[in-house]
Amino acid sequence: MITNKLLIATNNKGKVKELQDLLKDTGFELVTPAEINLNLEVEEDGATYSENAAKKAIAFAQASGLISLADDSGLEVDALDGAPGLYSARYHPKPGASDADRRAYMVENLKDKPRPWTAHFHATIAIAIPEEDVQIVDGNCYGEIIPEERGTGGFGYDPIFLLPELNKTMAELEMDEKNRLSHRAKAVMNAIPILKKISIG
Ligand code: ITT
C-alpha cells in the first residue's frame with residue numbers, strides 16, 4: 001500500500017538535513033532511515049550517478065515499503081578531468097579518511113595547476129515507489145575550488161567550493177541560501193512535479 005510517507009534514502013547526515021528542508025512543503029510526511037531503524041548500506045557500483053541513485057532508492061523502497069528518495073552526487077573538477085565525480089565520497093587513498101582529509105587531498109592535487117580551478121557539483125535524485133517504477137532528475141551548481149577553507153556550514157567539499165558571484169563558499173551560506181542555489185536544490189526542484197503526481201495518485 002502506498003502511504004504519504006517519503007523516506008529520505010541516505011546515510012549522509014548533511015544530505016538528510018538539506019533534503020528535510022528542501023522537501024518540507026511537498027505534503028509528504030518525511031521519514032529518515034534512523035527513524036524507522038533501517039540500517040542499509042547499498043554498494044555504489046554503478047557506472048553513472050543515475051545507476052547509483054536508482055540502486056539506492058530501489059533498495060530503500062524495497063526494505064521499507066515506502067516511497068524513497070535517494071541522492072547520488074559528486075564534485076567534478078575541470079583541472080582533474082572531472083574527478084572525483086562519482087567517487088567524491090571515496091576520494092582519498094587512505095581508508096577511513098574524513099571530509100577534511102579529502103578536501104586537503106583535492107587541494108594538494110590541484111596545487112600545480114593554473115587557477116581558477118573551475119568545478120561543479122552534480123546531484124542526481126531517484127524516486128522509487130515500492131513494486132513500481134523509479135524516476136530520475138538532476139541538477140548542477142557551478143563554481144571553483146579555492147586552496148584555503150572558508151566557512152563552517154554544509155558538509156563535504158563545501159568549505160573549498162566558492163560561488164564567485166557571491167564571493168562565498170558553500171560553507172559560508174546559511175542553509176536556506178544553499179538550498180536555493182545548490183545542485184541538490186535544483187534536482188529537488190525538478191523532482192517536485194514527480195512528487196506532486198505521486199501524491200495525487
Ligand atoms: P549516501 O550514498 O548514503 O547518500 P554518500 O555521502 O555516500 O551518502 P554519495 O555517494 O552521493 O553520498 O557521495 C557524494 C559525495 O559528494 C559526498 O560524500 C560529498 O563528499 C560530496 N558532495 C555531494 N554533495 C555535496 C554538497 O552539497 N556539499 C559538499 N560535498 C558534497
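In listed order, ligands and their atoms are each counted from 1.
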For [atom], which protein heavy atom lies nearest, and how many Å away is it?
| atom | result |
| --- | --- |
| atom 18 (O) of ligand 1 | Ala89 CB, 3.5 Å |
| atom 28 (N) of ligand 1 | Asp158 OD1, 2.6 Å |
| atom 7 (O) of ligand 1 | Glu44 OE2, 3.6 Å |
| atom 27 (O) of ligand 1 | Lys178 NZ, 2.8 Å |
| atom 23 (C) of ligand 1 | Ser73 OG, 3.2 Å |
| atom 5 (P) of ligand 1 | Lys15 NZ, 3.9 Å |
| atom 3 (O) of ligand 1 | Asn11 N, 2.9 Å |
| atom 6 (O) of ligand 1 | Asn12 ND2, 2.9 Å |

Do Thr169 and Asp158 touch side chain to side chain, with heavy atoms closer than 4.5 Å?
no
Donor-acceptor pair, side chain of [X] and main chain of [Y], under 3.5 angstrom:
| X | Y | result |
| --- | --- | --- |
| Lys5 | Ile67 | no |
| Tyr157 | Met170 | no |
| Ser68 | Leu66 | yes |

Find all atoms of ligand 1 within a distance of less than 4.0 Å from any non-hydrogen atom belonging to [X], and give their numbers and elements.
| X | result |
| --- | --- |
| Gly156 | 29 (C), 30 (N) |
| Tyr157 | 20 (O), 21 (C), 29 (C), 30 (N) |
| Asp72 | 9 (P), 10 (O), 11 (O) |
| Ser88 | 15 (C), 16 (O), 20 (O) |
| Asp71 | 4 (O), 11 (O) |

Ligand 1 to Asp99 polar contact by distance, N or O atoms, under 3.5 Å
no
Is there a polar contact between ligand 1 and Thr10, counting only N or O atoms under 3.5 Å apart?
yes
Please determine, by modelled atom types, if [X] and [Y] share a side-chain donor-acceptor pair under 3.5 angstrom.
| X | Y | value |
| --- | --- | --- |
| Asp72 | Thr124 | no |
| Tyr91 | Asn109 | yes |
| Asn140 | His122 | yes |
| Asp71 | Ser73 | yes |

For residues Val137 and Ala187, report the shortest heavy-atom separation together with the two atoms involved.
CG2-O, 3.4 Å
Under 4.0 Å between a side-chain nitrogen and a carboxylate oxygen: does that hold for Lys111 and Glu108?
yes
Could you see which bit of [X] sits under 4.0 Å from ligand 1, with heavy atoms only: side chain, backbone, both or neither?
| X | value |
| --- | --- |
| Met170 | neither |
| Phe161 | neither |
| His183 | side chain |

Linking I/L/V/M/F/W/Y whenever their side-chain heavy atoms sit closer than 4.5 Å, directly or via other members, would Tyr87 and Val107 fall into one cluster?
no
